[in-house]
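Remarks on the structure that follows.
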Amino acid sequence: MGFVGVLIMVHPDPRQFVGVGVLFAIAAAIGAAGANIAIREISRTEPGPTIVFYFTLAGTAAGLASLPFGWVMPSPGVLGLLIAAGLIGGTGQLLLTEAIRRAPVAVVAPFDYTQLVWAGLIGFLVWGETPAMLTLIGAMVVAASSTYILWREIGRSRI
């Protein structure tokens, strides 16, 4: 249901489902799901900071592969923003890794859908963007889905 809520929020145009971008989006979703499952398995033997370190190292190596295609030194302001984004993202990755270690992936994964809700809220607060009615309806579906899964898992005493 959380995914249905996301589809309501994004209300994709079926005519746009014919490009390479769609294939990349599907591959990214499958990759993210696989990463969450892998984190759950690896966390049985490795601490969270170790997992995040190697994840960051792999991301850095992949990013450096683009270096020959047009590196531009960022300005000091942009560099500061990039460092802040890295620190915030790293902290988020540590927290997500710990959440996946402590709770079943089925409980943690639906809360990943709330990214769209947060993006909408930040868009409203920072840029004054008013979310469309479908965005609000989708956000309610995502929230209801996440709440139901949490309630169900508590009932099963799995968390």
Side-chain angles (χ1 to χ4, degrees), residues 1-71 82 84-123 129 131-132 134-156 158-159:
M1 285 308 298
F3 182 67
V4 169
V6 170
L7 287 177
I8 292 170
M9 281 191 267
V10 225
H11 50 282
D13 183 353
R15 295 171 292 189
Q16 296 177 348
F17 276 85
V18 292
V20 176
V22 172
L23 296 176
F24 281 127
I26 291 170
I30 291 169
N36 284 345
I37 293 168
I39 289 170
R40 176 74 174 185
E41 292 302 314
I42 294 170
S43 69
R44 294 177 191 204
T45 60
E46 300 295 328
T50 302
I51 296 169
V52 172
F53 172 77
Y54 284 110
F55 175 80
T56 304
L57 186 63
T60 301
L64 286 174
S66 69
L67 190 64
F69 302 106
W71 163 261
L82 288 171
L87 292 172
I88 292 168
T91 302
Q93 189 64 43
L94 283 168
L95 294 172
L96 177 63
T97 301
E98 193 60 29
I100 292 171
R101 173 194 296 271
R102 294 178 181 262
V105 174
V107 173
V108 177
F111 290 95
D112 200 32
Y113 293 132
T114 64
Q115 291 179 66
L116 288 173
V117 177
W118 290 109
L121 183 63
I122 291 169
E129 296 175 347
L134 284 177
T135 303
L136 297 174
I137 291 169
M140 287 188 279
V141 171
V142 168
S145 169
S146 299
T147 303
Y148 169 74
I149 289 172
L150 183 60
W151 173 76
R152 181 191 70 200
E153 295 301 317
I154 287 173
R156 291 180 180 173
R158 292 178 59 188
I159 58 172

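When all heavy atoms are compared, the tightest approach of Gly90 to Val52 is O-CG1, 4.4 Å. The two atoms that bring Leu94 and Pro49 nearest to each other are CD2-CA, 3.7 Å, heavy atoms only.
Annotation: the span from Ile137 atom CD1 to Met140 atom CE amounts to 5.5 Å, rounded to 0.5 Å. One distance of note links OG1 of Thr97 with CG of Asn36; it measures 9.0 Å at 0.5 Å rounding. Atom CZ of Arg44 is separated from atom CD1 of Ile42 by 11.5 Å, given to the nearest 0.5 angstrom. Atom OG1 of Thr60 and atom CZ of Phe55 lie 9.5 Å apart (nearest 0.5 Å). Ile51 contributes atom CD1, which lies 10.5 Å from atom CD of Glu41 (distance to the nearest 0.5 angstrom).
Side chains of Pro47 and Arg101 form a contact here, defined as non-hydrogen atoms less than 4.5 Å apart.
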